[in-house]
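A quick write-up on the structure given underneath.
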There are 2 protein chains.
Amino acid sequence: MTNIKDLAKMARVSVTTVSRVLNNHPYVSKEKREAVLDAVKSTNYQKNINAVHLSKGKTKLIGVVLPFSDHPYFSLLLKGIAKQALENNYHLVLFQTDYMQNKEIEALEMLQKKQIDGLIICSRTCDLQIIEEYLQFGPIVLSEDVKEINVSSTFVSHYKIFSNALEYLYQRGHRKIGYCIGRSTGANSYNRGLAYKDFHEKYSLSYNSEYIIDKCLYFEDGEKVINQVKLMNIAPSALLVTSDQVAAGIVVSCQKQQISIPDDIAIIGFDNQPIAKMMDITTIEIPLMEMGRNLFLQTINSEISNKEVPVKLIERKTV
Amino acid sequence: MTNIKDLAKMARVSVTTVSRVLNNHPYVSKEKREAVLDAVKSTNYQKNINAVHLSKGKTKLIGVVLPFSDHPYFSLLLKGIAKQALENNYHLVLFQTDYMQNKEIEALEMLQKKQIDGLIICSRTCDLQIIEEYLQFGPIVLSEDVKEINVSSTFVSHYKIFSNALEYLYQRGHRKIGYCIGRSTGANSYNRGLAYKDFHEKYSLSYNSEYIIDKCLYFEDGEKVINQVKLMNIAPSALLVTSDQVAAGIVVSCQKQQISIPDDIAIIGFDNQPIAKMMDITTIEIPLMEMGRNLFLQTINSEISNKEVPVKLIERKTV
DNA sequence: TTGTAGGCGTTATCAA
DNA sequence: TTGATAACGCCTACAA
């Protein structure tokens, strides 16, 4: 492997000059520049980037923490992050955590060890206090509405979304409304639960805890949801489903079992992914790609900012 | 940031001893070891990993090249790779290429620049010759049946799969068989095309080029497929669909349009993902997670090996 | 069992 | 416009 010293020897200049040429710095004469460039070509030279990292203290690497990449929500967010990273000449290090805290901490430690310049946490399971401790080592950006600590974030207000969707269903006569989520812990689910509770208090409605169905992640979980609903004494007349895929699975499952949508049960999906359009599912549009882009930009722009992204209800045929 | 020198001073030992303690090397007395450990604790010390990288010439980082991460095929493969990487204490750098050659080359260059120790290419668009040039810089593993150059690979034989599936359909009386793929270029598609051609020659059947439908990636593309089929003068009686998601989309679309499966058209999916089970789709099981794991292991085990993974036809109700 | 010193490949500082 | 030389922080012969 030829290095900068070899080049210097070959071009009969100092390493400094080589470095200048390599990094397009000014103050190099034409002749020397060309001599260096010749040497570069003839040796097929490439920088050892680790030396650059050590010298500069930066890696142009941003970490991305997410529970799993095989879920449309996260893979779309990731796609947005990746797109923006590319435009800014960064690369991504993936931390697939499966919601295991120690893996999240591993990512935080890589920030501390300077292997990554910043960290995007798409969904977390560890405490905010822990994250706060690592803030001193580099920028960390979250995808949730965080007030407790001073970090950047890009998020949608799940409280508002849920409130609005519940209101929408209420106006259409629904009084027994259930909802499906991916996991019952986590900040987003907490806010949804709050909105759900507040809604029921506002209208003095009661609800059954079995109306809250968790572990709904994939298309095929739709079937599970319908099977659960069928076992209930009093079935909900509408379902808020925090993923279009699951909503689509529910729709298909209902067709199989002769359950009519929206007459027997109304469905609202989340995200407005293409599958929702194809299946004519009423859904709440969440601009995941844009959110991903913004998350990335926040990690490299050192000022701290919090951005709430607006969402939109798309009315189709399942309500 | 405290470094190894500071620790040495604090513990009143040499940097070598500190390094020994930090890396669990033998030949350190209890007292000195404890003194070092104390210093580590009191300073909250963490290695600067870039210095380690530079010094060792390794990064414990493996690159993964894939066109997009929001597709079940690749996200499952990625999941397998990530699982195994974790077990072996490696991290992954993601290269989302969108099938753009320059991005693939960027990944190859990171190998050359030593930012990554190895590279897994899940799907490529650049020539094998180009890849061959970079082989000197580190292990590269492909997920296709490659004979032209000497690299490791884990793959399924798309030729065999297609041949078997076509044969299966033939035995059940199908004579007009079409197929759907993600993209028409690429090694896998080439092998499928070959199998398709050979099959038709074997049985002296003719086929229409419109029976080959490409750009089928997502669930929602199923609708597009059916719309195309409906426009054909002579519609195929069976369809090989290289993704369970698309197959599911086709099934749903057919239900909408009163097309009966398998009577009007038979469907075989690929991968055997949960959605195929839920929808009772006959499919070919491809163990993507295992393939991912093996791809990873091949990149860190320096011997070159080529592993063909067996597949299995799962008979359900769409044929 | 311990420590000295050189090396890893760049970049940055400063003097010329 | 150029070049010595000192960082950057760690690892590892080699010597003691």
Side-chain angles (χ1 to χ4, degrees), chain A residues 1-37 39-40 43-61 89 109-117 137-138, chain B residues 1-40 43-61 109-117 137-138:
Chain A
M1 254 344 32
T2 106
N3 63 21
I4 207 174
K5 254 188 195 160
D6 302 333
L7 292 182
K9 232 174 260 168
M10 292 179 63
R12 301 170 175 287
V13 297
S14 71
V15 289
T16 316
T17 300
V18 176
S19 177
R20 286 207 181 91
V21 173
L22 258 26
N23 296 292
N24 286 317
H25 287 217
Y27 305 127
V28 182
S29 67
K30 235 181 211 158
E31 305 84 54
K32 302 220 173 189
R33 162 161 280 122
E34 277 162 12
V36 172
L37 259 20
V40 167
T43 56
N44 211 336
Y45 166 83
Q46 280 279 352
K47 276 186 200 178
N48 178 327
I49 222 164
N50 292 312
V52 179
H53 293 336
L54 174 59
S55 188
K56 292 206 170 186
K58 306 245 165 220
T59 59
K60 289 271 186 175
L61 241 35
N89 265 93
E109 280 177 350
M110 290 202 35
L111 186 63
Q112 182 173 8
K113 287 180 185 154
K114 295 170 179 296
Q115 184 157 18
I116 53 181
D117 293 348
F137 304 116
Chain B
M1 253 350 24
T2 104
N3 63 23
I4 207 175
K5 253 188 194 161
D6 301 333
L7 293 180
K9 233 175 257 169
M10 293 180 62
R12 300 168 174 289
V13 298
S14 72
V15 290
T16 314
T17 301
V18 176
S19 176
R20 287 208 180 89
V21 174
L22 257 27
N23 297 294
N24 286 318
H25 287 207
Y27 305 127
V28 181
S29 68
K30 234 182 212 161
E31 306 85 52
K32 302 220 171 190
R33 162 162 279 122
E34 276 164 12
V36 172
L37 258 21
D38 282 351
V40 167
T43 55
N44 212 336
Y45 166 83
Q46 280 278 352
K47 276 186 200 179
N48 178 327
I49 223 165
N50 292 312
V52 180
H53 292 336
L54 174 59
S55 186
K56 290 205 171 186
K58 305 244 165 223
T59 59
K60 287 270 186 179
L61 242 34
E109 280 177 352
M110 288 200 41
L111 186 63
Q112 183 174 9
K113 288 180 184 153
K114 295 172 178 297
Q115 183 157 18
I116 53 180
D117 293 348
F137 303 115

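Predicted model only: the values in this text are computed from it and were never measured.
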Calculate, to the nearest 0.5 Å, the distance between atoms NE2 and CG belonging to A:His53 and B:Asn50 respectively. 6.0 Å
Touch check for B:Val28, heavy atoms < 4.0 angstrom, all strands: base, sugar-phosphate only, or nothing? sugar-phosphate
Restricting to side-chain hydrogen bond (donor to acceptor under 3.5 Å, both in side chains), what partner residues turn up for B:Asp117, sequence neighbours left out? B:Thr59
For B:Asn3, check side-chain hydrogen bond (donor to acceptor under 3.5 Å, both in side chains) against everything at least two apart and list the hits. none
5' to 3' on DNA chain D, which nucleotides open and close the contacts with chain A (atom under 4.0 Å from a heavy atom)? D:dT1 to D:dG9
Would you give the length of the straight line joining atom NZ of A:Lys60 to atom CD1 of A:Ile116, rounded to the nearest 0.5 angstrom? 15.5 Å
Side-chain atoms of residues 16-23 of chain B: list all donor-acceptor pairs with protein atoms under 3.5 Å, sequence neighbours left out, distances to 0.1 Å.
| residue | atom | partner | partner atom | Å |
| --- | --- | --- | --- | --- |
| B:Thr17 | OG1 | B:Ser14 | OG | 3.3 |
| B:Ser19 | OG | B:Asn23 | ND2 | 3.3 |
| B:Asn23 | OD1 | B:Lys47 | NZ | 2.8 |
| B:Asn23 | ND2 | B:Ser19 | O | 2.8 |

Side chains of B:Lys114 and B:Lys58: closer than 4.5 Å at any heavy-atom pair? no
Within the pair B:Thr17 and C:dT1, is there a side-chain N or O less than 4.0 Å away from OP1 or OP2? no
Please list, for nucleotides 9-13 of chain C, all pairs of protein and nucleotide N/O atoms separated by less than 3.5 Å.
| residue | atom | partner | partner atom | Å |
| --- | --- | --- | --- | --- |
| C:dT10 | OP1 | A:Tyr45 | OH | 2.5 |
| C:dT10 | OP1 | A:Asn48 | N | 3.1 |
| C:dT10 | OP2 | A:Ile4 | N | 2.7 |
| C:dT10 | O5' | A:Tyr45 | OH | 3.3 |
| C:dT10 | O2 | A:Ser55 | OG | 3.2 |
| C:dT11 | OP1 | A:Asn23 | OD1 | 3.3 |
| C:dT11 | OP1 | A:Asn23 | ND2 | 3.3 |
| C:dT11 | OP1 | A:Lys47 | NZ | 3.2 |
| C:dT11 | OP2 | A:Ser19 | OG | 2.9 |
| C:dT11 | OP2 | A:Asn23 | ND2 | 3.2 |
| C:dT11 | O4' | A:Ser55 | OG | 2.6 |

Can you measure from CG (B:Leu7) to NZ (B:Lys9) and round to the nearest 0.5 angstrom? 11.0 Å
With five pairs defining each end axis, the helix from C:dT1-D:dA16 to C:dA16-D:dT1 comes out bent, to 10°, by 40°
Determine the sole option in A:Asn48, A:Val52, A:Leu61 for which the side-chain contact (heavy atoms from CB on, under 4.5 Å) test with B:Gln115 is passed. A:Leu61
With sequence neighbours excluded, what pairs up with A:Gln112 under the side chain to side chain contact (heavy atoms under 4.5 Å, CB included) test? A:Glu109, A:Tyr134, A:Phe137, B:Asn44, B:Gln46
Would you tabulate the side-chain donor-acceptor contacts of residues 25-39 of chain B under 3.5 Å, counting partners in other chains and residues two or more places apart, or write 'none'?
| residue | atom | partner | partner atom | Å |
| --- | --- | --- | --- | --- |
| B:Ser29 | OG | B:Lys32 | N | 3.4 |
| B:Arg33 | NH2 | B:His25 | O | 3.2 |

